[in-house]
Amino acid sequence: MRKTNLKQNIGRFAFTSTVLAMAISSAYAQDAKKNDEQLVVVTGLRASLESALNKKRDDNGIVDVIKSEDMGKFPDTNLAESLQRIPGVVIDRDAGEGRSITVRGLGQDFTRVRINGIEGLATTGGTDSSGGANRSRGFDFNVFPSELFNSLTVRKSASADVDEGSLGATVDLQTMRPFDLRGFNATVMAKGRYNDLSQKTDPRVGFLISNTFANNTFGALLSGAYSKRRVYEEGFSTVRWDNGPSSGGWCSPVGVTPANPATTATTCGPTAQGAARLPGTAENIAAYNLASSANNFVPRLPRYGRLTHDQDRLGLTASLQYKPQRGTTLSLDLLYSKLDATRQEDFLEAISFSRSASQGGKPQTSVVKTEYAPNGALLYGMYNGVDIRAESRFDQLSTTFTQPTLTLDHQFSDTFRMNARVGRATSKFANPIQTTTTLDALNVNGYALDFRANDRMPTITYPFDAASATGPMTLVSVPQVTTGTQPTTVTNTSTSEIRIRPQGANNRNDVAHVDFSWDAIEDKLTLRAGADYKKYTFDSYESRRVNQNDTIFAPNAGTSIASLTTQLTGFGRGQNLPAGTPTSWLIPDLNAIAKAYDIYCNCLKSGPAGGPGDFTLSSITNGNARGNNRAVTENDKSAFLMGDFTNNIFGFPVRGNFGVRYVQTEQIATGYQANAGGTAVTVRNSYNDVLPSLNIALNLSKDFIARFAAAKVMARPQLGNLNPGGTISTTGTLSVTSGNPLLEPFRADTFDSNFEWYFGKNAFLGLGLFQKNINTYIQSIRTNVAFKDTGLPMSLLPSNFTGEEVFQVTAPINTKGGKLRGFELNYQQPFTFLPAWGKNFGTLLNYTYVNSKIEYVVSPTSAVTITDDLLNLSPKSWNATLYYDDGAFSARVSASKRSAFLTRVPGQNNNDVEGKNGTVNVDLSMTYKLNDKWEFSFEGTNLTNQANDQFISRARNSVVVNNVTGREFLLGVRYKF
């Protein structure tokens, strides 16, 4: 593997630290008078650990905390990657960066996130293999720069005063406020980030300025952070595997009864396609029979690919605080974050194995030679009649998140207090350009796939120069007729495509909260009562071409194919690719094609309406786009009663809380049915929940705490499952998807116990036990049905479809669920007991084990169930950090392990499951504090260049995605005024 020459790149890092000096000096001059009260600040990694541990110890519930002792001092550059240091928290990545979290085996849909006390939902667009555009209730942590926050709290046990909606945890993110700092504070920072795969260097900068005035009764704070990130994501993928008889089966040798009736005596499919059947030799027949077995599987879309990610992330916070009198504080917090990105995906792929006879696919493909493993996985195959495609997709993406929050804390008397807050969290995700263009070579002979040396990165043989502009790769177009009906496709052929799919999603939470606290018995019992109101609105939109086949005419006369293409070069740098792997290939030039065809005109350019020359977009009338045009509105009203208590039992101090929360959910879901080209359907649903909770913390000694928690909890259904309409996909994987707006929420009974030993300063040993009895679960049921048997009208299909095509039909239902159990071990300790050489070292270690038994329904017409793991649940995970901190120099090296987990049960295309294999991520950070003002840092992330390794089938562990994004190194400087 090629080593990165860091010396050659250090000179590329450029930093600035004085941009705000004049403004900061001016602000400082306005409040130069020193306050009588002096704040003693302890800095460094140890101070952050101590503050977080104290907050964990003092809380009545079961929580874990990460604190930043100053701006830009989180242990990681990404919020999700900081959260994975907490026991029981694992993350999923997109483009090599943490995007979503799973807590104790429960994925992002079961985790609520509050920012400054207000529930928010930030969503963005990811690759298809990482979930695509987020239209769920899950929170995308990569929207925000980590520099904006100073505290992350993961609440693992429920209490009546915390909003409902979580089965896993509630995550509280807190931005910095001026009263957190007191007096004048200003910091600027700059870093340069280098990625060894893309070989790009990008900036990351931030600032904070804060001051308090009028004897600390008024404060103002402004902070901001900007980063750019340019990375490659490269590797091999397959978009699932399927068995021999799928998609109509292979083309049989001469003399063998064809599986597909369109086959002639000498050709695979119609004579016009020119795909000759193999001679009926014993060798050819044996290869055909072996490949045709239902127990043997091949990749559906084997392909090399590079994804080019270009991201710009800007975040700003402002905070004003006013304390007009003792016991009253008014806080206004403003948060803004903008993530702008482009992503280009370039693939060199074989498309025949996933396509039916009507698309010129598998029934036109002959098996020349093949080998399979005993478990049914393809080891080697050589094929004739394979359609090869160079596919390029370009996405322009943006997420804008805004949140104003107004909080009032008021003390009416020494025993009676109020807290009130209102806020609006808005997330707007837009994907205005999502365009895919393709080049194609039809019925290529001698294509070979070889997994024998490496089951994650095979050797692929293309029997032509994939980089040549004069080779077989071209724009396969639909001929334009002068008389008669203009066809939109070519019979039994996959032509080249131009797909245009602008889309987006909006989320808004309007939240109001008030609670009152009364010390009924001084120092023993505080009674609390409160109410919450939340109006949540979600809407999603998408448009596609009215030509739902996405086909095209030939370009205008005189336009050469070479002028519409370009080359991808340098693929596979440092990846030890198999010999013979193409490192360059011809790809469509989107800009040239867009200009030549005027694809963004949203108009009819040539030929009949709905034909290959029609670039008009439609939405609710478009069967392929209709399902993503939908909306949900929820009005959630809740009230709670709660008691916080402190007492002694048999001489042991005990504290905690007990309470009950009542919740009323009113839901309005709107979608579009296929009738009359798109008919709006609105369905109302409502349900009530009574959610009792109990948290107890018993001090068995001064330093040993035993905790117990129990609660009823609920989480509302995924947004996509509430759609009363449906969607039909007639390109790629043929599918019909519909929702169920009358779903009941997820409901569970949770039980937790923790044993915590604080055996020294910053030293802690803990054991956590938990069980969740999931009483109501939601599962999407998939069945394979011929379209003519779905009850849907044939008018929804393209003209070349017959109704015999098998579609995957999906719909969600409520199921019984099951139990989830596990334990956490957590240990942290500074090595102050060591001699002088070792006293500045320390460690943080944790290990989590989770086991679940969820009953999955296999078919809506069968009582048979499969008992398997909860989706997104990694049974084992651990984190290990070794650190050094002497006050001036600090360093840490951290490793995070997540075991394999499932993403779909049952799997698609005749497979039992789909999932992701385990990962180990290693990161390094070093900081040197020159003096009270200057600080220098060096960080290394993803030092092992960990692959995103997705699989299908437990027995075969067949590769679905195996991509890497490279190592990243950051060199930085901070200046504190």
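Start at 1 with the first residue, then count along the sequence.
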How about Phe770 and Phe751: are their ring centres within less than 6.0 Å of each other?
no
Salt bridge Lys338-Asp340, side-chain N to carboxylate O under 4.0 Å:
yes
Name the orientation class of the two ring planes belonging to Phe412 and His410 (parallel below 30°, tilted from 30 to 60°, perpendicular beyond 60°).
perpendicular
Minimum heavy-atom distance Gln321-Ser331, with the two atoms named:
NE2-OG, 2.9 Å
To the nearest 0.5 Å, how far apart are CZ in Arg137 and CG in Asn507?
9.5 Å
Side chains of Thr217 and Asn215: is there a donor and an acceptor less than 3.5 Å apart?
no
Identify the two heavy atoms, one from Asn695 and one from Asn60, that lie closest to each other, and give their separation to 0.1 Å.
CB-O, 3.6 Å
What I want to find out is whether Arg112 reaches Glu119 closely enough, with some N-O distance under 4.0 Å, to be called a salt bridge.
yes
NZ or CZ of Lys323 within 45° of Phe218 ring axis and under 6.0 Å
no
Phe401/Phe144 aromatic ring centres below 6.0 Å
yes
Can you tell whether the side chains of Asp752 and Lys156 come within less than 4.0 Å, N to carboxylate O?
no
Please name the residue in the list His513, Arg661, Gln664 that meets the side chain to side chain donor-acceptor pair (under 3.5 Å) test with Ser638.
Arg661
Carboxylate-amine/guanidinium contact Glu50 Lys55, below 4.0 Å
no
Determine, for Asp644 against Arg655, whether the closest basic-nitrogen to carboxylate-oxygen distance falls under 4.0 angstrom.
no
Going by atom types alone, do Gln718 and Ser136 pair a side-chain donor with an acceptor below 3.5 Å?
no
Using the benzene-type ring in the case of Trp, are the ring centres of Phe746 and Tyr777 under 6.0 Å apart?
yes
So, Lys534 and Glu634, do they make that salt bridge, N to O below 4.0 Å?
no
Heavy-atom check, side chain of Asp163 versus side chain of Arg114, under 4.5 Å
yes
